[in-house]
Number of protein chains: 2
Amino acid sequence: MTASTLTVFGTERAVPEVTIERLSIYSRVLRSLELSGRETISSAGLARHTPYAAAQIRRDLAWFGQFGTRGKGYDVTNLRRQLDVILGVHVTRRAALIGAGNLGLALLGYTGFREHNFEFAAAFDANRQKVGTYAQGVRIYAMSEIAAVVADTDIEIAVLAVPAVAAQDCADAAVRAGIKALLNFAPTQLSVPDGVQVRNVDLSVELEHLSYFLERRQERIGRIASSDPP
Amino acid sequence: MTASTLTVFGTERAVPEVTIERLSIYSRVLRSLELSGRETISSAGLARHTPYAAAQIRRDLAWFGQFGTRGKGYDVTNLRRQLDVILGVHVTRRAALIGAGNLGLALLGYTGFREHNFEFAAAFDANRQKVGTYAQGVRIYAMSEIAAVVADTDIEIAVLAVPAVAAQDCADAAVRAGIKALLNFAPTQLSVPDGVQVRNVDLSVELEHLSYFLERRQERIGRIASSDPP
DNA sequence: TAGATTGTTAATCGATTAACAATC
DNA sequence: TAGATTGTTAATCGATTAACAATC
């Protein structure tokens with residue numbers, strides 16, 4: 001069974017999303033090992049550089065094939081390359097920014113996109129004043145132009161950096177224009193048709209999670225201080 | 001059993017992290033229902049506004065107590081308030097920005113922090129030029145001053161916006177200074193002592209996840225087009 | 001060969017979902 | 001009372017971990 005058939009036909013289980021996230025982290029660790037001159041590493045060695053167990057790593061890799069040598073471990077460069085092929089990071093992907101406000105402009109300037117072979121080919125904004133101008137060398141279009149621009153430029157990804165109230169409408173427009181992957185920075189759950197991938201970067205959820213933790217911590221300290229019964 | 005005892009003494013299971021994330025989303029949905037004038041809602045109704053099942057919602061809430069009325073559902077305002085207390089969002093938390101580069105400055109300007117009662121009380125940067133200056137009204141200090149500043153100002157949270165190579169050192173310094181919660185934007189896995197909470201906002205992982213999805217999609221399309229065997 | 005380490009199967013653990021008695 | 005919906009227990013599902021035979 002090849003990786004490509006995994007999710008498609010009938011009974012095979014799909015690769016869990018968390019596995020993909022870990023693959024990305026393995027790739028990163030391998031890159032730094034490569035730089036340090038290391039040539040080979042075991043799953044146990046890799047585990048020491050991550051929060052994951054060796055068995056977890058081997059099982060994650062098993063979804064995609066066999067990459068190691070028994071008794072020896074993995075070739076650092078080879079494994080890194082294979083992971084990068086699996087993750088598809090060698091291919092340049094064109095993206096559209098939707099929402100050229102503060103966050104959007106910061107994202108346009110963020111080098112991480114380029115480093116991951118993402119290329120902003122267009123930006124869209126509701127503000128008439130901005131339409132026709134350029135930011136970071138990227139032209140800003142009106143939302144109404146999205147279908148035409150996406151079709152013209154092979155854009156596959158939309159990066160949503162609009163206010164929460166506008167996010168669903170923008171996502172709908174992007175999907176209608178043929179976009180298949182969305183990176184959503186708006187604090188809302190988007191609903192999209194099957195076959196469209198959404199990843200959320202939700203600062204609200206992160207901040208509330210930290211709040212929760214600190215609040216609980218206070219309580220724990222309070223209870224210990226006052227010697228409450230166990 | 002009260003919520004506060006959950007994770008602390010002996011055998012009780014800890015609240016799963018995903019539950020906390022969903023709580024944050026429920027709170028957000030309830031807020032918008034509140035604005036729309038809705039007074040009461042069932043778990044099934046709530047489910048329709050999220051990607052989660054009604055049973056999931058009831059079970060998530062069960063970790064913290066009983067909030068509904070059988071036969072009737074939940075009081076929208078009441079439930080939202082209770083969730084906000086659980087999440088601790090009513091308390092103002094002081095944060096330090098570490099790394100006043102492009103991303104860091106964008107974060108200082110981001111209104112979401114203030115909206116969640118996070119207040120940047122100080123910023124830190126390795127660049128001597130920046131030390132002593134202000135950004136968005138926040139003073140920038142040298143990293144060497146972190147212990148003193150954190151002690152003086154009751155800072156509980158560090159927002160890490162430094163290059164990956166510097167992240168672990170900065171995290172260590174923050175932890176030594178007494179910080180208990182870290183929001184990490186650097187693409188690295190930080191290692192921190194027990195009792196310190198780290199949340200990662202890792203664009204690399206998100207981008208590689210989207211790449212993976214698009215790559216797989218291509219394969220699927222390719223295979224269907226060439227009518228490969230099932 | 002002996003030691004190390006993979007790839008994979010089986011056991012465990014935990015989270016989600018289904019079912020339903022309690023009760024408004 | 002009948003209908004609706006909770007809170008909770010039990011069943012299911014899936015992911016992680018442990019164990020180990022295969023093999024370098």
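Residue numbers begin at 1 in each chain, while the letters A, B, ... track the order of the sequences. Predicted model only: the values in this text are computed from it and were never measured. Only heavy atoms go into these numbers, but all of them, side chains included; no hydrogens, no water, no symmetry mates.
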Touch class at under 4.0 angstrom, heavy-atom based, for B:Ser43 against every strand present: sugar-phosphate
Side-chain N,O (B:Tyr74) to OP1/OP2 (D:dG7) below 4.0 Å: yes
Pairwise 5' ranking along DNA chain C for A:Lys72 and A:Ala62, keeping only the more 5' one: A:Lys72
Integer-rounded Å distance: D:dT8 P and B:Phe64 CZ: 14 Å
Pairwise distance CZ(A:Phe120) to CG(A:Leu97) - rounded to 0.5 angstrom: 5.5 Å
Side chains of B:Thr50 and A:Gln189 in contact at under 4.5 Å (non-hydrogen atoms): no
Enclosure of A:Asn102 CG (heavy-atom neighbours >12, cutoff 6.0 Å): no
Residue from A:Lys180, A:Arg93, A:Arg94 passing side-chain hydrogen bond (donor to acceptor under 3.5 Å, both in side chains) with A:Glu156: A:Arg93
Nearest-nucleotide pick for A:Ser42, side chain only, options being C:dT8, C:dT5, C:dA15: C:dT5
Distance-only donor-acceptor test, B:Arg70 side-chain atoms vs C:dT23 base atoms, 3.5 Å: no
Atom-to-atom span, CD of A:Glu21 to C1' of D:dA15 - whole angstrom: 14 Å
Lys/Arg-Asp/Glu bridge criterion (N-O < 4.0 Å) met for A:Glu34, A:Arg31: no
Base-pair map of DNA chain D as dot-bracket, where | denotes pairing with a different strand and pairs are Watson-Crick or G-U under 3.5 Å: ..||||||||||||||||||||||
Proximity to the side chain of B:Ala55 - top-ranked nucleotide from C:dG7, C:dA18, D:dT17: C:dA18
Rounded distance (Å) that lies between atom P of D:dA4 and atom CZ of B:Arg58: 15 Å
Nearest-angstrom distance from the residue atom CD of A:Gln56 to P of C:dT12: 18 Å
Atom pair distance, as rounded to whole Å: CG in B:Leu61 and C1' in C:dT17: 16 Å
Nearest listed nucleotide, side chain of A:Arg22, among D:dT16, D:dT6, C:dT8: D:dT16
side-chain hydrogen bond (donor to acceptor under 3.5 Å, both in side chains) evaluation trace for A:Asp60 with A:Thr19: CA-CA 6 Å; A:Asp60 283 341; A:Thr19 292; 3.2 Å; yes
Stacked cation flag B:Arg22 on B:Tyr52, 6.0 angstrom / 45 deg: yes
Side-chain-base donor-acceptor pair under 3.5 Å for A:Arg59 and D:dT17: yes
Spacing of B:Phe67 atom CZ relative to D:dT5 atom C1', expressed in whole Å: 17 Å
Atom-pair distance (CD on B:Gln66; C1' on C:dA22), nearest Å: 11 Å
Integer-rounded Å distance: C:dT17 P and B:Ile57 CD1: 11 Å
